[in-house]
Amino acid sequence: MAGDLALLAAVSLLSVLQQSRFAQLVGKSRMKHKVMPPAVTGAPEFERTFRAQQNCAEFYPMFQTVLWIAGWFCNQELAALLGLLYMFARHKYFHGYAQAASERDKDVVGDHIKRLAYVQVDGLSCLPFVH
C-alpha cells in the first residue's frame, strides 16, 4: 500500500521543502531590510518577496488536495509528473515576482506552464467522478 503512494508522497515532501525555502527567503529578506515581525511592510524588495511567498502559500492547500486526488483515483505517475511541473513553474513565479518589475523578464512561458500543470492535475482529479 505505501509503495502505491510513493511518488505522491515524494512530490508532497519536495513541495513542503519548496515552501520552507520560500519562507526562509522571506526571513532572510526581513533581516536584510530590518523588517521585524509581525510587520509586513518595509522595503519594496522585502514586500515583493513576502507577497510572492504568500501567493504560493495561498495555493498550496489546493495543490496538495488536487495532487492526491488525481494520484489516488487516476494515475499516480501522471499526477506526480504534473505536480513536479507545477512546482517548477511555482519556483519561477516566486523568483520572478520577487524581482523589481523593471528587472523581470516577462516569463509568459513559465506562467503558462504553471497554469497548464494546475489545470491538467485538476482535470485529472475530476475524472473518477465523471461517469
Side-chain angles (χ1 to χ4, degrees):
M1 173 81 173
D4 295 340
L5 304 174
L7 292 175
L8 296 176
V11 172
S12 290
L13 182 57
L14 286 173
S15 70
V16 167
L17 294 173
Q18 182 182 51
Q19 292 295 313
S20 297
R21 178 66 179 151
F22 293 162
Q24 183 183 37
L25 291 172
V26 171
K28 285 184 178 184
S29 185
R30 276 188 185 281
M31 297 306 232
K32 178 180 177 183
H33 300 289
K34 297 177 178 45
V35 178
M36 292 296 118
V40 295
T41 58
E45 295 83 10
F46 165 74
E47 289 184 14
R48 286 192 304 271
T49 304
F50 179 77
R51 191 64 236 156
Q53 188 268 335
Q54 287 297 303
N55 288 346
C56 292
E58 289 166 0
F59 280 91
Y60 190 68
M62 287 182 281
F63 166 72
Q64 284 292 323
T65 303
V66 169
L67 173 73
W68 279 88
I69 290 172
W72 184 270
F73 291 108
C74 287
N75 185 313
Q76 177 186 201
E77 293 84 6
L78 183 57
L81 178 66
L82 290 171
L84 289 173
L85 183 63
Y86 179 82
M87 286 176 55
F88 172 73
R90 205 29 98 171
H91 170 83
K92 290 186 66 66
Y93 168 83
F94 178 88
H95 290 286
Y97 195 104
Q99 292 178 342
S102 62
E103 298 173 12
R104 290 181 202 155
D105 58 347
K106 299 299 180 193
D107 189 14
V108 176
V109 174
D111 190 49
H112 288 309
I113 290 172
K114 178 183 70 181
R115 290 172 197 253
L116 177 66
Y118 187 76
V119 167
Q120 293 300 318
V121 173
D122 194 31
L124 191 60
S125 69
C126 293
L127 285 177
F129 305 109
V130 180
H131 282 17

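Please read these numbers as outputs of a predicted model, since none were measured by experiment.
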Measuring from Asn55:CG to Tyr93:OH, what's the distance to the nearest 0.5 Å? 3.5 Å
Shortest non-hydrogen contact from Gly83 to Leu67? CA-CD1, 4.2 Å
I'd like to check Phe59 versus Phe63 (side-chain heavy atoms, cut-off strictly below 4.5 Å). Are they in contact? no
Can you tell if the side chain of Phe46 reaches within under 4.5 Å of the side chain of Val26, non-hydrogen atoms only? yes
So, the side chain of Gln76 versus the backbone of Ala6: is there a donor-acceptor pair under 3.5 Å, distance only? yes
Cluster question for you: counting only ILVMFWY and a side-chain heavy-atom cut-off of under 4.5 Å, with indirect links fine, are Leu5 and Leu84 together? yes
Donor-acceptor pairs under 3.5 Å, side chain of residues 27-42 to any protein atom, not counting sequence neighbours: which ones?
unit_1: Arg30; atom_1: NH1; unit_2: Val35; atom_2: O; d: 3.3
unit_1: Arg30; atom_1: NH1; unit_2: Ala39; atom_2: O; d: 2.7
unit_1: Arg30; atom_1: NH2; unit_2: Ala39; atom_2: O; d: 3.1

Can you name the nearest heavy-atom pair linking Trp72 to Leu8, along with the distance? N-CD1, 3.9 Å
Could you note down all residue pairs passing salt bridge (Lys or Arg N to Asp or Glu O under 4.0 Å) where residues 55-79 supplies at least one of them, sequence neighbours left out? Arg51-Glu58
Report all side-chain donor-acceptor pairs from residues 13-25 shorter than 3.5 Å, counting only partners two or more places apart or in another chain.
unit_1: Ser15; atom_1: OG; unit_2: Val11; atom_2: O; d: 3.4
unit_1: Ser15; atom_1: OG; unit_2: Ser12; atom_2: O; d: 2.7
unit_1: Ser15; atom_1: OG; unit_2: Tyr60; atom_2: OH; d: 2.9
unit_1: Ser15; atom_1: OG; unit_2: Gln64; atom_2: NE2; d: 2.7
unit_1: Gln18; atom_1: NE2; unit_2: Met87; atom_2: O; d: 2.9
unit_1: Ser20; atom_1: OG; unit_2: Val16; atom_2: O; d: 3.0
unit_1: Arg21; atom_1: NH1; unit_2: Gln24; atom_2: OE1; d: 2.7

